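Have a look at the structure below before the remarks.
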Amino acid sequence: MSALATEYNAVNLGQGFPDYNMSEDLISFVHEAMKNGFNQYVPMQGHLPLREALSEKIKFLYKTAVNPDTQITITPGGTYAIYTALTTILQPGDEVIVFEPAYDSYIPTVEVNGAVPVLIDLEFPEYKIDWNKVRQKISPKTRMILLNSPHNPTGAVLSADDINELRSIVRDKNIFICSDEVYEHLIFDDVPHQSILRYPDLLEKSFVCFSFGKVFHCTGWKLGYCVSSPELTKEFRKVHQFNCFSCNSPMQVGLAKFLSNKDAYLPLSSFMQRKRDYFIKLMQATKFKLLNSHGSYFICGTYGNISDEADKDFCIRITKQYGVTTIPVSVFYRAGTDNKVVRFCFAKKEETLEAAVERLATIS
Ligand SMILES: Cc1ncc(COP(=O)(O)O)c(C=O)c1O
């Protein structure tokens with residue numbers, strides 16, 4: 001869709017990336033690190049001051065003590081952390097519970113490890129997990145449950161009740177959790193982020209994956225981290241060591257300094273919530289019906305009262321005809337489930353959102 005957006009000079013609310021610049025402070029901390037000679041390999045597990053800063057942040061936000069030496073590994077992005085977590089655990093024939101709509105890397109990562117994705121639809125239109133369905137799908141082969149909160153593409157978030165259900169399902173079973181929390185700081189309306197990091201009993205059997213690129217408006221940096229128990233981290237690093245070994249040094253040095261100030265991350269939710277609210281207000285001028293978004297930088301909308309086209313056809317047509325690009329949500333389902341829903345990314349400048357909505361408002 002991004003290629004089509006470029007071809008038709010469309011306003012791109014499709015792909016998930018901000019069109020405004022990242023923090024000037026963070027840029028200058030990285031620049032300073034490079035000038036100060038931090039341009040060689042850092043240790044395999046990551047630059048220690050960065051892991052220490054993350055451990056502090058985790059303690060402050062989630063009240064959980066995480067050892068920076070044995071429980072945090074810096075990775076080249078969130079996707080890589082998820083890939084490494086799954087590769088650490090999965091054996092051919094294992095089953096992995098994956099909720100759909102799902103971020104596009106999950107199913108291929110399960111399958112490349114010879115494992116079998118067991119797909120469960122989130123309940124449309126709130127995209128909540130039906131835990132009874134999960135219970136029905138658990139088998140002796142279930143080895144992992146893949147979670148994502150805040151969720152791409154829907155903006156759904158997990159609640160404390162969801163965590164209790166999860167706990168009751170994995171208790172006393174050899175089932176691991178991979179929790180994709182790359183939108184950690186982008187959660188709205190003062191709802192607390194139900195990170196697995198809040199729950200030491202669950203962390204014992206989890207890989208919790210994060211992305212600096214996603215939360216600090218620099219998706220092109222492809223830098224993230226994985227938090228787990230000391231035992232699982234040891235295994236995770238065996239895969240990491242011979243795959244990537246060590247990640248970009250100056251960015252880790254810059255991030256360590258940046259994270260020493262809580263202002264680096266505390267205002268992020270309200271910053272993104274303002275964008276969500278502005279977009280919702282603008283969209284009242286259109287015929288789209290927006291669904292609820294509680295986090296991430298995505299919001300979905302139905303177009304059922306505009307057209308009965310398949311969502312892919314609809315997205316292609318509005319890119320070509322109206323000059324606005326969105327993503328058809330059916331692409332996040334293996335079976336192509338089409339609820340006539342498209343995903344908008346609102347991590348954009350106000351003028352970009354205004355230009356897009358001005359065009360969308362002309363669709364009749
Ligand atoms: C749910 C989810 N997980 C992971 C990622 C990727 O994170 P990174 O760019 O750090 O690999 C994305 C990016 O779109 C995402 O939406």
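First listed ligand is number 1; within each ligand, the first listed atom is number 1. Computed from a prediction, not measured in an experiment: that's the story for all the values here.
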For this session: Select all protein residues for which some heavy-atom-to-ligand 1 distance is less than 4.0 Å, and list them by chain and number.
Result: Gly77, Gly78, Thr79, Tyr103, Tyr106, Asn148, Asn152, Asp180, Val182, Tyr183, Ser211, Lys214, Lys222
Under 3.5 Å, sequence neighbours excluded: what are the donor-acceptor pairs made by side chains of residues 92-99?
{"residue": "Asp94", "atom": "OD2", "partner": "Gln91", "partner atom": "N", "Å": "2.8"}
{"residue": "Glu95", "atom": "OE1", "partner": "Ser139", "partner atom": "OG", "Å": "2.9"}

Problem set entry | From Asn12, Leu4, Ile318, residue fulfilling side-chain contact (heavy atoms from CB on, under 4.5 Å) relative to Thr325 | Asn12
Exercise. Would His217 and Phe17 count as a close aromatic pair, with their ring centres under 6.0 Å?
Worked result: no
Problem set entry | Validation row, ring centre Phe279 to ring centre Phe344 under 6.0 Å | yes
For this session: Measure centre to centre between the rings of Phe188 and Tyr297, then say whether the value is under 6.0 Å.
Result: no
For this session: Give the intermediate values and the outcome of ring pair (Phe, Tyr, Trp, His ring centres under 6.0 Å) for residues Phe216 and Tyr265.
Result: CA-CA 8 Å; Phe216 295 133; Tyr265 54 89; 7.7 Å; no
